[in-house]
Amino acid sequence: MNRTVQTVFSPVNSGQPPSYEMLKEEHKVAVLGAPHNPAPPTSTVIHIRSETSVPDHVVWSLFNTLFMNPCCLGFIAFTYSVKSRDRKMVGDLTGAQAYASTAKCLNIWALILGILMTILLTVIPVLIYQAHR
């Protein structure tokens, strides 16, 4: 690789040797090269789609299935949660979202009915016991 360095002497300093700063600048131009294109560099932005997280509510459904399962809503919610997880593994995010939404709705109803049944099954016997006393 041929490098040509041209020493530039200004007329004011024509009798004196070049300064250190001038030699350093000439060395940078020789090593890096002069800019070929005066236009500003352009950049390209690539949008990488991150994997969308679709909650499948499997743990909540399993909890409702094991502990509060009125009208088998917990088991049905668990089934929809597993279907949602399967759709997510295949890559069908729309289907996974639909199954997850159904599982969430069933879980809410199972939780509400389970809490109401638990309260009623504890309060009613206490009231009956107090009435017979």
Side-chain angles (χ1 to χ4, degrees):
M1 183 185 324
N2 289 334
R3 292 186 184 158
T4 57
V5 179
Q6 297 177 355
T7 307
V8 177
F9 292 106
S10 62
V12 177
N13 294 336
S14 61
Q16 298 176 354
S19 67
Y20 172 74
E21 288 81 20
M22 187 174 187
L23 290 175
K24 184 178 173 184
E25 188 175 317
E26 287 176 5
H27 177 69
K28 284 184 181 177
V29 169
V31 171
L32 298 175
H36 299 290
N37 189 0
T42 58
S43 62
T44 303
V45 178
I46 299 173
H47 295 284
I48 299 174
R49 184 175 163 202
S50 63
E51 184 175 329
T52 305
S53 176
V54 177
D56 49 19
H57 310 291
V58 170
V59 176
W60 189 12
S61 300
L62 187 62
F63 176 78
N64 281 336
T65 301
L66 296 177
F67 297 110
M68 298 178 231
N69 197 14
C71 304
C72 294
L73 288 178
F75 181 72
I76 297 169
F78 184 70
T79 304
Y80 275 94
S81 297
V82 171
K83 285 183 177 185
S84 172
R85 182 169 283 185
D86 289 344
R87 290 285 94 201
K88 187 167 51 171
M89 290 299 163
V90 173
D92 180 16
L93 295 180
T94 307
Q97 184 65 44
Y99 282 124
S101 176
T102 304
K104 181 179 178 181
C105 183
L106 290 170
N107 278 321
I108 290 171
W109 278 107
L111 184 66
I112 291 171
L113 290 175
I115 290 172
L116 286 176
M117 285 175 54
T118 304
I119 290 172
L120 290 176
L121 290 176
T122 55
V123 170
I124 290 178
V126 170
L127 292 176
I128 291 174
Y129 178 74
Q130 287 178 353
H132 288 294
R133 225 191 222 193

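Index from 1, following the sequence.
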Quick one: pull up [atom1] in [X] and [atom2] in [Y] and give me the separation to the nearest 0.5 Å.
X      : Y      : atom1 : atom2 : result
Arg87  : Tyr99  : CZ    : OH    : 7.0 Å
Thr65  : Phe78  : OG1   : CZ    : 6.5 Å
Thr122 : Leu127 : OG1   : CG    : 9.5 Å
Thr118 : Leu120 : OG1   : CG    : 9.0 Å
Cys71  : Met117 : SG    : CE    : 7.0 Å
His57  : Leu62  : NE2   : CG    : 14.5 Å

Could you see if [X] belongs to whatever hydrophobic cluster contains [Y]? Use Ile, Leu, Val, Met, Phe, Trp, Tyr and a side-chain cutoff under 4.5 Å.
X      : Y      : result
Val59  : Trp109 : no
Leu111 : Leu121 : no
Leu116 : Ile108 : yes
Ile119 : Phe67  : yes
Leu66  : Val58  : yes

Query - Qualifying residues under side chain to side chain contact (heavy atoms under 4.5 Å, CB included), relative to Ile76, sequence neighbours excluded - result: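 Applying side chain to side chain contact (heavy atoms under 4.5 Å, CB included) to Ile76 gives Tyr80, Leu106.
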Query raised in the report: Ala103 and Ser81: which non-hydrogen atoms are nearest, and at how many Å?
Result: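 Where Ala103 meets Ser81 most closely, the heavy atoms are CB-OG, 3.4 Å.
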Report task. Give the minimum heavy-atom separation between Ala96 and Ser84, together with the two atoms involved. Result ->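 So the two residues come closest at O-OG, 2.9 Å.
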Exam field: side chain [X] to backbone [Y], donor-acceptor pair closer than 3.5 Å:
X     : Y      : result
Lys88 : Asp56  : no
Ser61 : Gly74  : no
Asn64 : Asn107 : yes

Requested in this report: Would you please test Leu93 and Gln97 for side-chain contact (heavy atoms from CB on, under 4.5 Å) and show each step?
Outcome: CA-CA 6 Å; Leu93 295 180; Gln97 184 65 44; over 6 Å; no
